[in-house]
Each structure stands twice: as C-alpha cells, then as structure tokens.
Amino acid sequence: MVPLVAVVSGSRAQLFACLLRLGTQQAGLLQLHTGASHAARNHYEVLVLGGGSGGITMAARMKRKVGAENVAIVEPSERHFYQPIWTLVGAGAKQLSSSGRPMASVIPSGVEWIKARVTELNPDKNCIHTDNDEQISYRYLIIALGIQLNYEKIKGLPEGFAHPKIGSNYSVKTVEKTWKALQDFKEGNAIFTFPNTPVKCAGAPQKIMYLSEAYFRKTGKRSKANIIFNTSLGAIFGVKKYADALQEIIRERNLTVNYKQNLIEVRADKQEAVFENLDKPGETQVISYEMLHVTPPMGPPDVLKTSPVADAAGWVDVDKETLQHKRYPNVFGIGDCTNLPTSKTAAAIAAQSGILDRTISLIMKNQTPTKKYDGYTSCPLVTGYNRVILAEFGYKAEPLETFPFNQSKERLSMYVMKADLMPFLYWNMMLRGYWGGPAILRKLFHLGMS
C-alpha cells in the first residue's frame, strides 16, 4: 500500500519536517532496553496494570523512584502502538508499520513484564489475579488499563469489516481498511460516525472526514462525494473557540453534519448504515454509503466494571486533581480507564503522568498531595494533509494554549508537529518518563509575552 504524499509547502517547514524524520530514524538506536518476560514474583512495591501510554510512562517514572526490580507491568500484548498516528494511516499519509514497536522494546529496562491479562482486582487485600492463575500483591497499584472498543454493540459488526467500503481508524485491524475505502470511492455518500459513549481522542471521528474531503479534492472526486458526519453529540466540539473554527470549515467545504444521530446497525452486504435519532428514541433512518468510517462505542474494560475500584459507570474512581483513588489511598489511576472529566488523549496522559508522579512521591513519604491536575488535554484537529488546528483545553472547557498565536487557525507548523514531532516526543521522551506535557513551555511563552 503506497501512502498519499502530503503536500508541504515552504522551505523552512520542509527542512523542519526533514530534520524531525531524521531524528526519528536516529532515535531507533536509543530505544529502551528489552524487558524480560519470565516467572513473576508474587509481590512488588509498585504494580502497573496495562502496557499502553499511561502504563509504560508511569513504569519508567516509578523505576527511578523505587528501582526497576521493585516495579512490574501486567500486559498481555506483544506490541505497543502509538495510536494517534492512525488518523494519518487511515488517510494514506503514514504507514501502519510506523505506529508499532515490540512491547519488550518499550518496557523500561529491568522492570518485570508479567505477560498476562488481569482478571480480578482485590484492593482490600492489595492484590490482583491474572488469567494464568497468578496472584500478585503490591504496596502501590497504578491502573492504566485503557478503554475498551465495543464494535459488537453495533449490529452487523465487527463481521461487517470483512466487506469493502468500510473501515475504522480505531483498530489496528481496520485502520488500513479506511484507506482502502477512500481509494476505492467512486460516487455517493461518505459517512463518518461518532457513538453515544465516551471515546478516546474525540476529535478523530471528524479528522478523517476532513482528510477524506481533501483526498477527494486532490483526486477529482469531490463533486461526486456527499460527505456526512453523523454524530450522537449536540455540538461539533466541546470548546467554543475551536467549535467556531470547525463550523467555518464545515460551511466552506460543504460538509453535512447531523447531530444526535447514533449508528446502531451496519448492513455491510447492502452498504447501508442505520442511525437512531437520540432526540426521538426508536426513530431510525437508513442511509446507503459508498464509504463508511465507524467510530465504535467504547467503555471501561470488563475487568473494571464490577471491580471495587470502579465508580457506578465502571471507570476507575479517582480524585480529579491528584489521580489518587477516592477510597483506596495506595491505588492510582491514569488515562482512558479513569473517570477524569476531560478528553481521553495521549496528551492528557502525558500531563497526568507528571501530576501522578508527584502525588505518589508524597504519598510514599506520608505527605498530602499538593500538585493539582487542571484537566489539560490536547487534540490536534487535522483539517487537511498539511493543516492542523491545535486544540488545547482543560476541565473548564476553556483554551489552555501553549503557543503565543491563535491556535484556532489552521497551520502547517501544527501539522508538522502532529505528524513528526509528537511521535518523536512520544517514543523518546514520554515513554521514558521525561515528558509531562507542555505546561512549562506554556509558562515560558507567556512569560516572554508579558
């Protein structure tokens, strides 16, 4: 599969992108040491559940705090993926192979890798159980189990992905199907969906719409494409400043947005999608498609739903400022599996990791946590093959912008950051526990402007 070459104009931007790509290649020599996977001990000072963004990042930070031999990660997967890049993979601008690395290469050197799945949490006894019948106890527990994709909650899925014309950027198994559907598009409806559940990277369902529109223009198919965004939400974005900018793009590019429309069934053999009107439950509409991008319903992992650490909705119940569990003081949560009232993104996890590091440090010293998480999260809204609106905001749904310019405008520089700089930061700084988000940059920029 040959990716679409993104058109990047301007000599400075080209040089910047080139340097970043070279840096990314060179960084391969600096990867984390391979973590061993062998018979686990039955007790650890710090036990981390999950080998995703939050789990690996916190394991690296805890290694420096208590020593590698006192930290373990429970994770069954053999590969680790940088999922934010899948938006560009689905649009043909990046290769899928660039998004993944062996799990062993990202687990911090010396940290124990327990290659198993968590089946039960017992915080009252400070232990967990795994699917290989192991019981592992801990002094401190960090839960970073991510979010669960529930394609099966849409009738006709996931089996419908066996048919052409349908894809999803949310799974390694289906992201390349999006690019295939985009290339194979001839004429008709191109439909993009947003489910009636919390999701990770809430901007991604519309990013692929903008990229698809740009691709249709580049390939002379735009006049034959009726582009539809059916979202269960009541607004295009949760922060007004960025919502206004997106609405202008939607108007200029003649995109159709239908609110309170939830995908409930896919008839892939007939190329039909069925939507329910959330304002009028039971009222449905069948729309034929030439291309369909599905954002699946999501929820907490099954193991958490009935766990003592979960709230009524199944998410890890943590203090929104310290990330410490509300009932178990030696239990902490980070990332998509928590009930933190902010957008679930890798950028949010980076910011949370710095706060949680400080929280645990103080708890270990029998002190009260003082550092407070403000809900910082970021969504680079890709609006074309060389343009991004960088949305940054916090709990109050108000901008928390890093740069000293208006980030609601589409910019080439922000696209280069999304496509090249952010993956470099992720693999080489965040997963090593050295990137806690751009707060310090934000302070430096704004001090310089004052």
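Remember, it's a predicted structure, so these values are computed and weren't measured experimentally.
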Return the orientation label for the [X] and [Y] ring planes: parallel under 30°, perpendicular over 60°, tilted otherwise.
X: Phe237; Y: Tyr242; result: perpendicular
X: Phe194; Y: Phe229; result: perpendicular
X: Tyr151; Y: Phe161; result: perpendicular

Donor-acceptor contact present, side-chain [X] to main-chain [Y], <3.5 Å:
X: Thr231; Y: Leu233; value: yes
X: Thr338; Y: Ile334; value: no
X: Arg327; Y: Pro308; value: yes
X: Thr119; Y: His129; value: yes
X: Lys207; Y: Pro380; value: yes
X: Thr284; Y: Phe275; value: no
X: Arg41; Y: Glu69; value: yes
X: Tyr385; Y: Ala91; value: yes
X: Thr197; Y: Pro297; value: no
X: Thr57; Y: Gly54; value: no

Next on the checklist: Run the salt bridge (Lys or Arg N to Asp or Glu O under 4.0 Å) test on Glu75 and Arg117 for me, step by step, so that the C-alpha distance in whole Å, both residues' side-chain angles and the decisive distance to 0.1 Å come before the verdict.
Outcome noted: CA-CA 6 Å; Glu75 170 58 53; Arg117 190 177 303 278; over 6 Å; no
Item to check | Worked check of ring pair (Phe, Tyr, Trp, His ring centres under 6.0 Å) between Trp435 and Tyr426 | outcome: CA-CA 8 Å; Trp435 177 251; Tyr426 181 81; over 10 Å; no
Checklist entry - Do Gln135 and Asn42 pass the side-chain contact (heavy atoms from CB on, under 4.5 Å) test, and can you show the C-alpha distance, the side-chain angles, and the key distance before you say yes or no? => result CA-CA 7 Å; Gln135 176 178 298; Asn42 61 9; over 6 Å; no
Taking all non-hydrogen atoms of both residues, which atom of [X] and which atom of [Y] are closest, and how far apart?
X: Ile363; Y: Pro329; value: CG2-O, 4.2 Å
X: Ile114; Y: Ala72; value: CD1-CB, 3.9 Å
X: Gly55; Y: Ala144; value: N-CB, 3.5 Å
X: His80; Y: Leu431; value: NE2-CD1, 3.9 Å
X: Pro399; Y: Lys241; value: CG-CD, 3.8 Å
X: Ser99; Y: Ile85; value: CB-CG2, 3.4 Å

Checklist entry - Given Leu141 and Tyr328, is the side-chain contact (heavy atoms from CB on, under 4.5 Å) satisfied, shown in steps? => result CA-CA 10 Å; Leu141 180 69; Tyr328 300 100; over 6 Å; no
Taking atom types as modelled, is there a side-chain donor on [X] or [Y] under 3.5 Å from an acceptor on the other?
X: Gln261; Y: Glu276; value: no
X: Tyr373; Y: Glu321; value: no
X: Ser137; Y: His43; value: yes
X: Asn277; Y: Glu283; value: yes
X: Asp302; Y: Gln148; value: yes

Carboxylate-amine/guanidinium proximity below 4.0 Å for [X] and [Y]:
X: Asp420; Y: Lys94; result: yes
X: Lys65; Y: Asp357; result: yes
X: Lys326; Y: Asp319; result: no
X: Asp336; Y: Lys200; result: no

With rounding to the nearest 0.5 Å, note down the distance linking [atom1] in [X] to [atom2] in [Y].
X: Thr342; Y: Asn339; atom1: OG1; atom2: CG; value: 12.0 Å
X: Asn196; Y: Ile264; atom1: CG; atom2: CD1; value: 11.5 Å
X: Tyr395; Y: Thr377; atom1: OH; atom2: OG1; value: 10.0 Å
X: Gln206; Y: Leu246; atom1: CD; atom2: CG; value: 5.0 Å
X: Tyr44; Y: Glu112; atom1: OH; atom2: CD; value: 4.0 Å
X: Ile349; Y: Tyr376; atom1: CD1; atom2: OH; value: 13.0 Å

Hey, are the side chains of [X] and [Y] touching, using non-hydrogen atoms and a 4.5 Å cut-off?
X: Glu398; Y: Val239; answer: no
X: Pro164; Y: Lys180; answer: no
X: Thr178; Y: Met291; answer: yes
X: Lys260; Y: Ser232; answer: no
X: Ser378; Y: Leu390; answer: yes

Item to check | Steps toward side chain to side chain donor-acceptor pair (under 3.5 Å) verdict (Thr402, Glu392) | outcome: CA-CA 8 Å; Thr402 298; Glu392 294 180 290; 2.7 Å; yes
Next on the checklist: Looking at Lys153, I want to see if its NZ is surrounded by more than 12 non-hydrogen atoms of other residues, nucleotides or ligands under 6.0 Å.
Outcome noted: no
Next on the checklist: Take a 6.0 Å sphere around NZ of Lys305 and say whether it holds more than 12 heavy atoms from other residues, nucleotides or ligands.
Outcome noted: yes
Checklist entry - Does Lys320 make a cation-pi contact with Trp315, if we ask for NZ or CZ under 6.0 Å from the ring centre and within 45° of the axis? => result no
Checklist entry - If you look only at pairs with a residue in residues 285-296, which of them pass as a side-chain hydrogen bond (donor to acceptor under 3.5 Å, both in side chains), with sequence neighbours excluded? => result Lys165-Glu290
Checklist entry - Passes side-chain contact (heavy atoms from CB on, under 4.5 Å), Arg61 versus Lys63? Steps please. => result CA-CA 5 Å; Arg61 288 176 177 268; Lys63 171 186 172 179; over 6 Å; no
Next on the checklist: Assess the residue pair Arg387 and Val382 against the criterion (side-chain contact (heavy atoms from CB on, under 4.5 Å)); give the C-alpha distance rounded to whole Å, side-chain angles, the decisive distance to 0.1 Å, and a yes or no.
Outcome noted: CA-CA 6 Å; Arg387 291 293 183 271; Val382 184; over 6 Å; no
